[in-house]
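Indexing begins at 1, ligand by ligand and atom by atom, following the structure's order.
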Amino acid sequence: MGKLAKHVILLIADDVSSRFFRKIYDEGKLPNIKSLGDSGIVSDKCVTTYPSITLPTQPNIMTGAYSGYYPKSGSGIPVYHWFDRDSNPPQYRHYSNLNALRQTHEIEGNVKTLFEQIGEGNSYSLVQYCSRGVTKIFPPNKFIAAIFFLLFVLLAKKPENSHKVVTKQLINVFKYPKLFFRNSQRPIASTAYYFLTDTLMHDHGFDSDRYIQSVLDLDDEVGKLITALKQLGIYDDTIIVFTSDHGNYKADQAKDLAPFIKSKGLIPYSKKTGTGDFDCSFGSVGFFNFPGTNKNWKVHPTLEEMKHFKPTDSDLKINLLDMMFEIEGVKFIYYRAENNTPDKGTIKIRFKNEDDKIHTAQVEYMGETTKYSFEDVDVYGYSKDPRASRIVDGNFHTIEEWLDHTYHLDFPMMPDQLVRYFINPRSCDIMVSTVATVCYNYEHGKTINTHVYSHDVGLRDSMYVPLVIGGGQGILTPKTLEYCKTTDIVPTLVELLGKKPHQSVRGKSLLD
Ligand SMILES: [Zn+2]
């Protein structure tokens, strides 16, 4: 370990795929970010969390951990929309708009944010709400956040300006720490979240001029930050990270799920009455929640109950598992086997092949190791690849082994990630995927738009994010990493500050 950093700054741009980033980076269109990369650590196969949705990917970056099973005090955030069976009455949760502020309360004490892991000293967070333990956050509360979003997103002709406001505020924290903190110490760790790139990606596409320009503009923001830190004389002691939470894809088509749901007699869960047959959010990956025995939403249904489910508006019982393949485009169905525990169990996989035949596979887990096996068809195609085929060997493997063997393929480290999602008691009962063929844009009983640009699947373009760790003088040894994962970022930053990552961290420092 060489010289330590005095400041670390983590910049997360929402929804920037590694493929696109790499292209403009190599074309010289991101000169400021490249100046960081040339002095530091770069990877274009930084593998994010599955499902590749803003949550859990961002909280997992901010904690260096996954949202799995934390039985003592609840659980991490499994996904952007989830069903809270413990609340009274049970209700679905999501993080759209001002609900984003709930994150800090809904990640539990078993994991620690970057700010909690660095301990004493000032820290600052801009628009990043998985920030428990931070000294100051902006916007500080729902009221100011509402004004901020209204001014820069809804009312502004050019909401992209919100990114400039974020950078300006970050620079001011370094310039005038006394205005932000009780003492005049500059923040040891700070984070800024550039959120608008995601809105532009969904609304206009990753191939639209407006989205492309918004990412190019971020390089100017990084340039302003570098210049300011140099003027203040602290650049040589500061490490800057530029990354994203997930990539993206364009689905073949958008479809409306509502008519299908109606045809089955299924009634969506109502927050008002606390009743209903199901709750669901569905992009290209769908998360279905059902009530347990006697339509009790406090508990998960058993497999038998899902196989003989009586919808409110139907006289017939239906098999919910079989029903999922009737939804156009659904290729994968995932669900828990009976009697799973946090330490041991099985996630069942059903896969519909191009010939419409259904094949089964499974992931067994023991502690934090997983074993993938299949009946007649390798649903992830690992066996066809010389490197990946070595890990389909009937043995249990760690996350590092899965990453090492499958990082270069679609569905990177998928067996590991499936289990980490499903052992969370807040996870859904049946997860399905159309693998980016059909996008449903369905949320809690309604189809909200006809977008075809999204992110959530296990394909590489959705699972890879760019990672550039640079800056400082004599702190980093320049290198290009063939692969890494987003949970490696926080342990790297914690180590650069001379501290030890918390025991819950599942990533590993990239400095070794
Ligand atoms: Zn996102």
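- Taking backbone and side chain together, Asp14 holds an N, O or S atom under 2.8 Å from the Zn ion (ligand 1).
- Among heteroatoms of the N, O or S kind in His246, NE2 lies nearest the Zn ion (ligand 1).
- The CD atom of Gln103 sits 9.5 Å away from atom CE of Met62, with the distance rounded to the nearest 0.5 Å.
- No side-chain donor-acceptor contact under 3.5 Å links His204 and Asp209.
- Within the 2.8 Å limit, His455 places no N, O or S atom next to the Zn ion (ligand 1).
- No donor-acceptor contact under 3.5 angstrom links the side chains of Asp385 and His405, judged on distance only.
- Among the atoms of Thr54, an N, O or S atom is found under 2.8 Å from the Zn ion (ligand 1).
- Among the backbone and side-chain atoms of Asp245, an N, O or S atom lies under 2.8 Å from the Zn ion (ligand 1).
- For Arg210, the salt bridge (charged side-chain N to carboxylate O under 4.0 Å, His left out) partners two or more places apart in sequence, or in a different chain, are Glu160.
- The line from NZ of Lys446 to CD1 of Ile261 is 14.0 Å long, rounded to the nearest 0.5 Å.
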